Amino acid sequence: MNAKAESQLTPRQRLSRGLAYSAIGPVDVARGAIGLGAHSVQSTASELHRRYREGQLARDIAAAQETLAQELAAAQEVVSSLPEALQSARKSQRRRGKRPLLIAGVAVVVLAGGAAAFSIVRRSVNRDSPESPRPPSVDVQPRP
């Protein structure tokens, strides 16, 4: 058997093969026993690590529950004060309700004044311009 085939054996297989063959038996029995011992140590360590994590997780969950309870209490307090806040907001909106109308009215007056000024200036510019010395390019008199 080559080294590659030996490295692919599990410790249990190595132990059973070592017990079956007497020539390489003692070596395989020792390697199998050591492998099983190492595997059991690793399994125990991983189980302890898992238990530690679960304990840490339980502590984290307890802390999260406590934080959640505090947040819920704060939210209930905010919800209980919500009607008062809405009433005060409505009162402040009533006070500000006339201001946008006033701004809109001023804007309309300014635009109307600008339009009137523009038309007056345009008419005065057209009256001041002299007649063109050239004849019109289109017949001015309509055809019957």
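The basis for the numbers below is simple: all heavy atoms, side chains too, and nothing from hydrogens, waters or symmetry mates. All figures in this text were calculated on a predicted structure; none of them were measured in a lab.
- Here the CD-CD distance, from E71 to Q76, works out to 12.0 Å after rounding to the nearest 0.5 Å.
- Side chains of R53 and Q56: no donor on one and acceptor on the other come within 3.5 Å.
- Side-chain atoms of S43 never come within 3.5 Å of backbone atoms of H39 as a donor-acceptor pair (strictly under, hydrogens ignored).
- E66 meets the salt bridge (charged side-chain N to carboxylate O under 4.0 Å, His left out) test with no other residue; sequence neighbours excluded.
- In plain terms, the two heavy atoms of L36 and R12 that are nearest each other are CD2-N, 4.2 Å.
- For E47 and R50, the salt-bridge test passes: some basic side-chain N is under 4.0 Å from an acidic carboxylate O.
- Expressed to the nearest 0.5 Å, how far CD of E54 lies from CG of L57 amounts to 7.5 Å.
- The main-chain N or O of S81 is never found under 3.5 Å from a side-chain atom of E84 such that the two would form a donor-acceptor pair.
- For CZ of R59, the number of neighbouring non-hydrogen atoms (other residues, nucleotides, ligands) closer than 6.0 Å is greater than 12.
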